[in-house]
Chemist: 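Here's a structure for you.
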Amino acid sequence: MARDAEYAVVIPTLGRPSLGACLHALAEATGPGPVRVVLVDDRPDAPRTALTADVPPSLRARTVVVPGGARGPAAARNLGWRAAGDVPWIVFLDDDVVPGPTWGDDLTLDLAAATDRTAGITARIEVPLPADRRPTDWERSTAGLAGARWITADMAYRRAALVAVGGFDERFRRAFREDADLALRMLDAGWTLTGGRRTTTHPVRPAGRWVSVRLQAGNADDVLMTRLHGRHWWRRAEAPRGRLPLHLAVTGAGVTALGCALLGRQRAAAAFAATWLAGTAEFALARILPGPGTRDEVLTMTVSSALVPPAATWHWLRGRLVHRKARQHTALGSGEPTTAPRPAVRERLRS
């Protein structure tokens with residue numbers, strides 16, 4: 001493999017069972033392998049099992065483990081690529097993806113096609129859905145990753161470009177929008193991003209009944225994106241706008257209905273309550289009708305559709321408070337300095 005096509009793989013992980021499948025697929029893929037694999041152990045400090053059992057024998061001599069400190073995927077990826085050494089390319093993988101059988105060969109062709117100004121090359125993401133029924137709301141949400149732009153589930157970045165823009169913005173503490181922010185900063189700095197030919201599968205991982213409510217925390221990250229990149233960052237990042245305006249309206253109608261009832265204004269309270277009910281019913285039907293229609297799915301969608309709008313509103317307000325001092329990004333910087341890089345503590349695995 002030519003020197004300018006050498007690459008390291010960085011995988012932030014919480015030690016999920018899917019990590020073993022990811023690493024074994026990486027080891028078994030045809031083509032040139034990585035010169036180094038960096039596992040960033042981002043689990044909170046607590047008694048835990050080592051990650052060594054998940055590493056295939058063929059990768060052990062090239063694998064290092066870096067403690068991440070549970071500061072989120074953006075910080076973990078920064079630690080990972082800085083610990084990877086002086087290699088031209090850094091390939092970021094999530095710990096729940098499965099690289100395709102010809103992944104190494106296809107990646108080599110992707111890197112060979114890069115120009116001097118190519119900063120990043122994304123993979124083709126496939127999300128397998130059940131063939132015998134319509135997908136659930138959570139499965140449809142995961143399937144949206146297949147069309148996401150510059151998703152770091154499998155994204156190769158030129159190390160020089162990462163150095164030039166300072167890497168990921170560590171204010172993004174969740175696995176949400178940190179990839180879009182980095183891509184926009186790369187484009188603003190004059191780099192280009194392109195799609196590759198390699199294919200990676202992103203299975204639908206198990207999720208709890210209230211996952212849609214928990215995901216509303218991403219509205220705070222959207223506030224930060226607006227602070228950094230302006231109101232129209234959605235268009236540039238080719239990201240879906242979502243239902244936040246409707247969630248704000250439905251939540252406002254519900255709160256107003258309660259306020260009017262407490263003040264004894266029953267007619268106004270009934271009108272706003274009807275507005276809240278109509279908005280909630282529309283949201284629930286929009287999620288139920290494309291789904292499998294099982295009793296459990298219908299019940300979950302009905303209840304969570306009443307909880308999602310206030311959760312989205314709460315996190316949006318929280319984001320406006322937390323990120324009120326964030327400055328708009330300019331081509332010469334990332335808005336505010338990212339956290340200074342910490343020395344990487346590495347543990348090399350024994351074969």
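The first residue in the sequence is number 1, and the count goes up from there. These figures come from a predicted structure and were not determined experimentally.
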Chemist: Can you tell if the side chain of Arg62 reaches within under 4.5 Å of the side chain of Val35, non-hydrogen atoms only?
Modeler: no
Chemist: Is it the case that Arg133 and Thr294 place a side-chain donor and acceptor less than 3.5 Å from each other?
Modeler: no
Chemist: So does Arg134 pair up with Glu297, basic N to acidic O under 4.0 Å?
Modeler: no
Chemist: Counting C-beta onward and ignoring hydrogens, is there a side-chain heavy-atom pair between Val40 and Trp81 closer than 4.5 Å?
Modeler: no
Chemist: Is a side-chain N or O of Thr102 found less than 3.5 angstrom from the main chain of Asp105, in a donor-acceptor match?
Modeler: no
Chemist: Side chains of Arg265 and Thr256: does their closest heavy-atom pair fall under 4.5 Å?
Modeler: no
Chemist: Donor-acceptor pair, distance only, cut-off 3.5 Å: does the side chain of Arg43 make one with the backbone of Gly68?
Modeler: no
Chemist: Would Glu282 and Arg243 pass as an ion pair if we require N to O under 4.0 Å?
Modeler: yes
Chemist: I'd like to know if the side chain of Arg159 reaches the main chain of Gly85, judged simply by a donor and an acceptor atom lying under 3.5 Å from each other, with no hydrogens or angles considered.
Modeler: yes
Chemist: Taking atom types as modelled and ignoring hydrogens, do the side chains of Trp233 and Thr226 form a donor-acceptor contact shorter than 3.5 angstrom?
Modeler: yes
Chemist: Keeping Trp138 on the side-chain end and Arg205 on the backbone end, is there a donor-acceptor pair under 3.5 Å?
Modeler: yes
Chemist: The criterion is salt bridge (charged side-chain N to carboxylate O under 4.0 Å, His left out); which residues satisfy it with Asp95, sequence neighbours excluded?
Modeler: Arg16
Chemist: So do the side chains of Asp169 and Leu182 get within less than 4.5 Å of each other, counting heavy atoms only?
Modeler: no
Chemist: Looking at Arg324 and Leu321, would you say the former's side chain and the latter's main chain have a donor-acceptor pair under 3.5 Å?
Modeler: yes
Chemist: Between Arg77 and Asp94 (salt bridge meaning N to carboxylate O under 4.0 Å), is one present in this structure?
Modeler: yes
Chemist: Are side-chain heavy atoms of Arg158 and Trp191 found at a separation under 4.5 Å?
Modeler: yes
Chemist: His229 vs His329 aromatic rings, parallel, tilted or perpendicular, using cut-offs 30° and 60°?
Modeler: tilted
Chemist: Salt-bridge test for Arg140 and Asp137: reply yes if a basic N is under 4.0 Å from a carboxylate O, no otherwise.
Modeler: yes
Chemist: Side chains of Leu228 and Leu184, heavy atoms from C-beta outward: is any pair under 4.5 Å?
Modeler: no
Chemist: I want to check something: taking the side chain as every heavy atom from C-beta on, are Asp222 and Arg177 in contact at a cut-off of under 4.5 Å?
Modeler: yes
Chemist: Is the backbone of Arg117 close enough, under 3.5 Å, to the side chain of Thr192 for a donor and an acceptor to pair up by distance?
Modeler: yes
Chemist: Mark yes or no for whether Asp42, through its side chain, and Thr13, through its backbone, hold a donor-acceptor pair below 3.5 Å.
Modeler: no
Chemist: Can you check whether Leu107 reaches Ile121 side chain to side chain, under 4.5 Å on heavy atoms?
Modeler: no
